[in-house]
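Only one structure is covered here, and it is reproduced in the block below.
Within every chain, numbering begins at 1; the chains are lettered A, B, ... in the order of the sequence lines, protein sequences first and strands thereafter. Predicted model only: the values in this text are computed from it and were never measured.
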Amino acid sequence: MNFPQAFFAILVLYLVTTLFYLLRLVIGQRVFGAMALRLMMLAAFVQTAVLAMHFLSTPEAWFSSWLEYFQIAAAGLAWMFISLCFTRKLYAGGPLFSVLIVVLCLLSLTYDNPYRIGMAQRGNGYIYIHLTAMFLTLSVLSVGFLAAILFLLAERQIKLKRFEGWLAKLPPLEAIQLVHDRALTAGFLFYTLSVLAGAGFAKVSSGHYLSGGTKQWLGVGSWLFFALFINLRNRLGLTGHKGMAVALAGYAGLFLVFWVGFS
Amino acid sequence: MNYVMVGLNHHLAPVAIRERLAFDGEAMRAGLRELKSTASVSEAAILSTCNRVEIYAVTDQPEQTGQLLTARLVSSGTAAETAAPYLTTLCGKEAVAHLFSVAASLDSMVVGENQITGQVKDAYQAALETGATGAYLNRLFMRALYVSKRVKAETGIGQGSVSVGSSAGRLARRIFGNLTDKTIVLVGAGEIGELVVRHLASDGAGQIIMLNRTFERAQALACEGLGEARPLEELPKWLLEADVLITSVTGVLNEFDPAILEGVMQARSHAPLFLIDLGVPRNIPPAAGDLPDVYLYNVDDLQTLAIEGRKHRDDKMLLAKNIIDEEVALFYEFDREPRDAIAGLGRKFELLRRQELERTLGRWPGLDAEAIEAMDRLSQSLVAKILHDPILSLKANREWHEPGHLSMFRKIFRLDEEE
């Protein structure tokens, strides 16, 4: 099986899904939304199957390339969205989720070749925990990030007293907040694991837990930010609108960590 | 005599304008007395609800009275000159059709709701108690209430209506999802507030607290198992606990001043607060809605939600409008019925006179033509004198033109049997 072509085909499927969501937004017919959701399910299923076959047919160590991590993050996000549709009726979040999945798929294809984990690093087991936890963080906190955006959009609709259109189909504010809070908590746990594994990896590689690079400082800084935010938000009144805005700033910081890591 | 209606309603005038012209209990009675004392107005009634302020009058100078009532309304509220562009004047059949539509809830923000019929009844009652109504308005309002009943019975327009209550419930669900663990606080035990709370309760609302100036009124509702009654002084405490808070009182509530409410929101750790202001004039300053995590809706906002429900009711609306047209035609035709009764009475007495005259002449076959003519004139004169007072009274007293009175009149004289 030619895996790069298979992953490219998956990207095309997600692109068509995004197109259907855009048609749903522009034309306003529900049928496009329903078709987009079916395509998303098909794409996630194919992606999971291709990834499984990819791992089974890879002779070298697994999780040794960006392609695998980004593909897993994209598939994880797709399945999380699908389950949120059925459990929380988050159908209206489709356009945002599909765009982010497309971005992750694009990254998987473009970052694959130049970035592979070096042979010297493969002997250090922490790297696998670090990267796996980091990409789980990326998947789960992407849900939190999108939920925060959806919350602010839905809240604005209610404030402006608009009752028609795509955003009126969003779940209640409280339900979106619940999705956000759970994603934030789970994402933070993965992030903590990733930071600890990263520190372990640095200790083995350089003899110091904190090697002092920009990525490490940003990583520790954003971890501290989320730790304080999760523990103090009720006390500081950082719930609702204000809380979502602050969380979005935290997500921006986290994505910066990823960007620095990739570059 | 002609009917005139001057007023504004939710179709054109926003709540900010309507609240300036609204009449509360005492202002309405004073207004009615003033209108009654106006030379060109023989009868008057004021319908003031959260969605409309309308004056109905009977006059023989419709145009002049229309202008007078407009001036009266414009001068009644604070800074109400801004209300002038929103005022509408209707005369004759248009005014009658309008009241019929209003009473039948076809002109309501929430088409088919039942509150307006009670409000029309209350407006009529207030006018009646003040002595501002007479035969014309009595008949108009009685007929309007009958039309309301007929429209609802024949079209089913009130069934499954998107009421103020269900609109509020829908809004609450957009914020909270379900209300099972939520605290609903009702401030003021007015009819509309009660309706909203009843709806939220049927949606499975967790805890319902009712605060009212007249504690007994809140207790009466509590006795119906609707919730828990508390004195109005506890409002600051319940502001911290409430998820949905509905106000339906007279005047502005100081607790909702944005500066005070901001402190409350901090104390609540910015837990969302859904405020429904059903008061006209509004109880909550609009600026309170600008605070983060405060969602403020007033009666006008419920209209937007009601539109969807209205779309499904187009067929029923058409049917209802046909009934209104028919009833307006009947209302004006109704004036023929007293004339018919008078004519019937005349025919009946003429028949009796002729029968009695023939019988009398049959007993005296020798009478000459002069005597026969004299007897004929005598009988005619007697009948005319006997009928003079009843006919004059029937013409003069319009309240006797009501179907019940006329029917009794016809039965007394057995007019239907003869005809």
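In this structure, the separation between CD1 on B/Ile175 and CD on A/Glu155 is 9.0 Å, given to the nearest 0.5 Å. In this structure, B/Phe176 CZ and A/Gln177 CD are separated by 11.0 Å, a value rounded to the nearest 0.5 Å.
Shortest non-hydrogen contact noted between A/Asn234 and B/Ser269 is O-OG, 3.3 Å. Contact between B/Asp293 and A/Thr239 at its shortest, heavy atoms only, is OD2-O, 3.9 Å.
In this structure, B/His270 and A/His241 have side chains that are not in contact, with every pair of non-hydrogen atoms separated by 4.5 Å or more. Proximity of B/Tyr295 to A/Leu173: side-chain heavy atoms (C-beta onward) are separated by under 4.5 Å at one or more points.
A/Lys161 places a side-chain N or O within donor-acceptor distance of the main-chain N or O of B/Leu296, the cut-off being under 3.5 Å.
Remark: A/Lys159 NZ is packed, more than 12 non-hydrogen atoms of other residues, nucleotides or ligands lying under 6.0 Å away.
The pair B/Lys182-A/Glu174 counts as a salt bridge, with a side-chain nitrogen and a carboxylate oxygen less than 4.0 angstrom apart.
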